[in-house]
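Values below: every heavy atom of this structure, side chains too, minus hydrogens, waters and symmetry copies. Sequence lines set the chain letters: A, B, ... in the order given, protein chains first and strands last, and positions in each chain run from 1.
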Amino acid sequence: MEPRAQFEELYRAYADRVHAYALRRSTPSVADDVVAEVFLVAWRRLEQMPAEPLGWLLGVARRVLANRRRTESRAAALRDRLARHAAPAPSAPADSDLEDRVQRALAGLAERDRELLLLIAWEGLRVNEAAQALGVRSGTLAVRLHRARQRLAEALAAEDVETELEVQR
Amino acid sequence: MTVDPLDRLRSIDPVPHGSSAPSLELVLAQIDAVDVPPRRRPRSRGWARMAVPALGVLAAIAVVAVVVGVVVAHHRHGSGVTVTLATTPSSSVPSAESLAPRGGMPGALLILGAAAPSGNIALISFGQCQPCYRGGQGRGSVTRDWLAATSDGGASWHVGQAPWNLSGFASAGADTWAEGLQSRGHGDGGFNEFYASHDGGRHWSAVSSAAPSEGGVGDVSIAGGEVWSLGAGCIGSGCTGAPPTDTILHASASGSHLAATAAQPPLGDDTNVSVVATARNSALVLADDYGTNPRVATIVRSRMFATSDGGRSWRSVATPCPGKQNFGRLYGGSSGLWATCSGLHGTNELRRPVGGGRTWVTVVPAGNITQFQPVSSTVAWVLTPRGRVLRTADGGRTWNQVWYGGRPEGVALAGRTPVLAVQSASTATVVAVVTHGRVDGHAQFTNFVVYRTIDGGRTWRPSVVRLPTAG
């Protein structure tokens, strides 16, 4: 297949997934730019594209986002994130208290655990894809995922108990 | 019933129904614009050339847009320091718009960086953006990188197309270092590098480094004949498994290779890092750690590390920014250390060390600053978002407004103020952008007007940078 056609197929298949990944971690305008940057890298490295490219693409997106955070004006980045807070949520939360509890539990995890769990839960990656995105072996990631799930479950349980105690007081 | 913890995470997905990426046509147009072929062989580094418009803009404001307090006159801070703004002496200075000739370079010019390395030498690194949507960050923009240089204090300028954009300049005598994104035409299509000139900015070359540049963050610092900087992890499949943490780099200022220091301070995966050289073999590293959870917009912790043996060992020292604040950044170095701490809710401060750095105190009240350029422990220059240049000669206790250029049309387009390049306590250069005409709401032609002072801002001499009219 011609590189151009191959690229177009790749874009049609995965651009929305990359965009959603970026949108969960930035603002809509940044997400657009991240998609563009990720697929330019993909265009340059088309011959290296793995058969299942989603993990690879999200790995690039992850680094592009990290790089943007570092190179962007720190204050501007912060304003973006605050604006995101101020903006209406993309969808109405089912239960703000429940959501807060999950958010608190998530925020209490180590960054490494958080990113891995969100790749699985929000991006819907399989273990081998998440391993690709994070640049580790699948076996290593499976162990990390198991432990991260345990830590999340413990954190959620602690939040639930805390909330129940609050209600009883 | 036990609920899968991952299901509970899914229940708070902020984009539960997916989202729509930009259209394929727009992305293809951008790829066509930068004209990069698919790679034949894997390489260890590769950065998105498509980011040039965005990074160009970001590079120009990379060090800047740190929020600090200066503008609000007569505002009293807890430290008891009062800021006073003198009546501007620039009323006799002609406006940039009145000086700029009609025509100029097609499109919008985005200043990537400016420097005044030594003597009468000054440099302006800029990108030409055509068309220039949203200040260069939009889709379909094509950019070219240029370098304007003067060796006679701004009386005449030489403008040439550069193979890379240059930003984040740091100078000491004849040695000037910068970061930048290499342009197309060099095989790779664009990646961040370090660049050095050892003749006051006349000739430049890319230098090798143990880790790629972050691309215009401005963390290049020179003191004691040495340059210190920050290398980023790499991106793309060739770097799979590479650590994402930043790398502290060190070299002789007259050298041509940035090596990783023998020991590295314990930086996190998601960390804003600021590096400043303080003396020979000595540097400070400020690290703000934050998470990637978009709903947790806060710094988890702020730490600072010091070395006095060229990076063979690091020790923790007092951080300039209290825990409630975010995004600290270090400035200065051998002659005086300053830090900005930009807060989450606008409590932005400029801070100085006391007691040999054991503690830090705030020296100016809250406000906004676009650029901050200290030259000693007492003298510093700042540029505000409204285009004012302020100068302190007493360590930040009082500030005098020494230049005001307003917001010419071109500046409004690019969404930024002029650029300030400071050489010494008395010498500084302001570069103002002037745009003429609009095509579909975008810049048609752009010029630079440069103002230079050699007396601490009391008088300013303007000059026009003659730009190629084609290209």
Task: Heavy-atom side-chain contact between B:I12 and A:W122 under 4.5 Å - done: yes
- [ ] Kindly indicate whether the side chain of A:L152, heavy atoms from C-beta on, has any atom under 4.5 Å from the side chain of B:R8.
- [x] no
Task: B:P5 versus A:R149, closest heavy-atom pair with distance - done: CG-O, 3.9 Å
- [ ] Side chain from CB out, backbone as N, CA, C, O: work out which of these in A:R12 comes under 4.5 Å of a heavy atom of chain B, or both, or neither.
- [x] side chain
Task: Spacing of B:L9 atom CG and A:Q103 atom CD [to the nearest 0.5 Å] - done: 9.0 Å
Task: Contact summary for A:V35 and B:A21, nearest pair of heavy atoms - done: CG1-CB, 4.2 Å
Open item on the list: So, taking the atom named CG in B:L6 and the one named CG in A:L145, what distance separates them when rounded to the nearest 0.5 Å?
Closed with: 6.5 Å
